[in-house]
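Written out below as structure tokens is the structure these notes cover.
Sequence lines set the chain letters: A, B, ... in the order given, protein chains first and strands last, and positions in each chain run from 1.
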Protein chains: 4
Amino acid sequence: MTGATSGAPSRSDAVRNRRLLLDAAAKTFAERGVEVSIAEIAQCAGVGKGTVFRHFSSKEELLAAIMLGMLDELMDTATELLTADDPGLALREFMAAGVQLLVRDRAFCEVVGRPSLQNPQVRAAIDRLCDAGEALTARARERGVVRPDLTGTDVVLLLAGIQHTAAPLLSTEPQAWRRYLELALDGITARTGRELPHPPPRRLPLASPHPDSGC
Amino acid sequence: MTGATSGAPSRSDAVRNRRLLLDAAAKTFAERGVEVSIAEIAQCAGVGKGTVFRHFSSKEELLAAIMLGMLDELMDTATELLTADDPGLALREFMAAGVQLLVRDRAFCEVVGRPSLQNPQVRAAIDRLCDAGEALTARARERGVVRPDLTGTDVVLLLAGIQHTAAPLLSTEPQAWRRYLELALDGITARTGRELPHPPPRRLPLASPHPDSGC
Amino acid sequence: MTGATSGAPSRSDAVRNRRLLLDAAAKTFAERGVEVSIAEIAQCAGVGKGTVFRHFSSKEELLAAIMLGMLDELMDTATELLTADDPGLALREFMAAGVQLLVRDRAFCEVVGRPSLQNPQVRAAIDRLCDAGEALTARARERGVVRPDLTGTDVVLLLAGIQHTAAPLLSTEPQAWRRYLELALDGITARTGRELPHPPPRRLPLASPHPDSGC
Amino acid sequence: MTGATSGAPSRSDAVRNRRLLLDAAAKTFAERGVEVSIAEIAQCAGVGKGTVFRHFSSKEELLAAIMLGMLDELMDTATELLTADDPGLALREFMAAGVQLLVRDRAFCEVVGRPSLQNPQVRAAIDRLCDAGEALTARARERGVVRPDLTGTDVVLLLAGIQHTAAPLLSTEPQAWRRYLELALDGITARTGRELPHPPPRRLPLASPHPDSGC
DNA sequence: CATGAATGAGGATTCATTCAT
DNA sequence: TATGAATGAATCCTCATTCAT
């Protein structure tokens, strides 16, 4: 349920430390991005650096665990919203929840579409999220409240896009994302008759958009 | 017009090296982001590390020079489009140009809304770009082809948002951004009668969207 | 008493390494001056560079720790001598101890009156040393064995002066400083009736004697 | 006469550049010490870096040339004073001149007793200076105005010692050296009956007082 | 000759990760 | 098991010196 990557420890203090660590890491990553040092996270959690590596074999893995937690959280929201009465409203609420998550978490933003996403479990979680997004979208499509060629993956991708649109404003206008969410909603509900130009994505390929290349 | 930050050298070999350097840096930053080391850029340019610092007194300044070049390029596009016949089409073309620029350059994406933006010249260039965006938007607003409360800053912000939306797809679908540009255009041209929820931004504040905080 | 700047580590290996480090740094600084690289000190101590920075957060701090140790040592000598029977002899012994310390340590010489002295703890230690010097001098003045306008700060300043006078000879004549100490003692015990020309210093201002200036 | 180390150039612009360079280097070394970069000296002289190396094959050599100039200047003073009426006053004036030279020149201070002094021409100039100092001292000794075992080398060494004694005060009390010059004069004129403890130096050995040693 | 561009060794410092206690 | 000490690769940057223009 938690998306733990390492086998969950059994001793109670270990369990407690893992919790402490995840909370501290989540908070620190959220505030300062993926660049925070392990030392800082450890200090924030009140444990030694060694303990971090006992629970997570690398920084990468710790980051993945945090990201998984957030994805799972959003996934839960999506699942709940699947049973909502108004599919259009449900979609809007899903998007609002997703954007808010991103807005509150700097690392989450940095990770989306980046190498860390190569982690298989994170990939799987995103796939599940896209599926849930698709389910929400399908309901909205059926009701005709969104354009017919909109996919769940589009919706998930838009979350990051909306956050990123608002990003430069957020420090002074923490709610500015609502403006761009609204704009996006107007975009996806527009019935223009025209199809969107590029074939709809089904799944995220998850490779870096700017792959390395020799010189 | 050129956006050069350091005085251009006059000797032919220096000019050539500076060109080599800017090209290598642009290419490397574009592909790998702002994290690439100076050593790598130097190697890519076929010069010594010291030469980089002869031309640009710090990594920051080199990055700023590249960014300024790109911003100026986009600015030029905007200026040209200001005299186009169809204001709606002009706006679309401006946005397409901007998104394409971002799509091709990882560093450019990373720099937008981030600490590097603190560089005064880059800030000024972005302000100019927002002004140009506003001019383009104003013309479109007057013709009624975009919603009345859309600003030039909205438009500039959307560039990064659209790029970011498509980012995870770009390595396999390099043109995917067109899909989200279209979606955004549908959003900004929608005449819903409703105002967008958050007051429109006039200028970018340029502080980090995720300010540090203690633990 | 110990003059440690960083909290002393508790683990036995760390304590040992810190000792190794301080000894190596003291020795290397003493022999080669403040310019020695951290790498060299680390190698001399048989530890990695990182270990140096674990114990001392910067080269400056390491240097300060060494200097503080020496100043404290001299301070202890001064304190002991304060209870000696013969105030004149006590002053002489204090000066001999101080000059010897300087003679043995190149970095200590370089640090006196130089920017490193900006370190608040080192400044404070020097102030304390001047106070102790003043106490010793006061006793000698009362007995009439030194000129009436001689201050403790004069005495402390003379330590460096005497060392520096002898410096060029020391490699071939390690005891040459005794000659100039004697000369200085004759100077400070002289009862000429004339006052020394410049008002006596009370405390060391500690700014660089050759401040920068443009060209 | 100038102590040039490189053959004096013949073309008039080269002569002029050499002069410019020496003046700029003297000024810059004086103010900032031996650590100033060649680039800065070149800029201060208004010439290119290459020109510095055309005239002086290394920074070391440039420094030596400056030092030679100063030593020659002091030497000239000494020579003049040899014909003065009052040998005691002459010695005092020589010492005052020497200390003032040091006080005004940070590099000169740094160089005395340091590796740069290994330069043969500088060594020779110092030897000559010691000889001149000895001549002045001899006259004073004959008149009985200085202690009988004082040598010219003692006197020269004392110049640096006096400057160094006053060094920490000089930025706030530029004339403080006069206090310590007086103290030194009282020391060397004292007729205690006792001989100074260490055999008088005849010549300066000029090796670093803190020779390197392996670890 | 004069210039200043290019070089690259060297220096301080950071940080993920390993490992002895 | 938890700790934090040790490590060393990697990074940005400086500067004396060389050399093409």
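Of the two residues near DNA chain E, B:G46 and C:G50, the one whose nearest nucleotide lies more 5' is B:G46. Residues B:V52 and B:K49 both approach DNA chain E. Their nearest nucleotides, taken by heavy-atom distance, put B:V52 toward the 5′ side.
In the set F:dT17, E:dT13, F:dC15, the nucleotide with an atom closest to the side chain of D:S58 is F:dT17. Distances were taken from every side-chain heavy atom of B:T51 (C-beta onward) to each of F:dT1, E:dA16, E:dA6; the shortest belongs to E:dA6. The side chain of D:R54 sits closest to E:dA2 out of E:dT3, E:dA2, F:dA6. Looking at the side chain of C:S37, the nearest of the listed nucleotides E:dG11, E:dA2, F:dT18 is E:dG11. Here the side chain of C:F53 is nearest to one of F:dT17, E:dT13, F:dC12, namely E:dT13.
No side-chain heavy atom of A:L62 sits less than 4.5 Å from a side-chain heavy atom of A:M67.
Using a 4.0 Å heavy-atom criterion, one finds that C:K59 contacts the sugar-phosphate atoms exclusively. Looking at heavy-atom distances under 4.0 Å, D:V36 makes contact with sugar-phosphate atoms alone, never a base.
E:dT17 atom P lies 11 Å from atom CD of A:E61, rounded to whole Å. Straight-line distance from the CD1 atom of B:I38 to the P atom of E:dT13: 20 Å, rounded to whole Å. Between the C1' atom of F:dC19 and the CG atom of B:N17 lies a distance of 14 Å, rounded to the nearest Å.
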Residues A:D23, A:R19; criterion salt bridge (charged side-chain N to carboxylate O under 4.0 Å, His left out); working and verdict: CA-CA 6 Å; A:D23 289 347; A:R19 190 70 259 152; 3.2 Å; yes

- prompt: Where do A:F108 and A:L63 land on the side chain to side chain contact (heavy atoms under 4.5 Å, CB included) test, with the steps shown first?
  reply: CA-CA 9 Å; A:F108 199 39; A:L63 184 57; over 6 Å; no

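Applying the 4.0 Å criterion to OP1 and OP2 of F:dT1, one finds that A:H55 has every side-chain N and O outside that range.
Every stem involving DNA chain F, taken as at least 3 paired positions in a row under the Watson-Crick or G-U wobble test at 3.5 Å, is listed here: E:2-21 with F:2-21.
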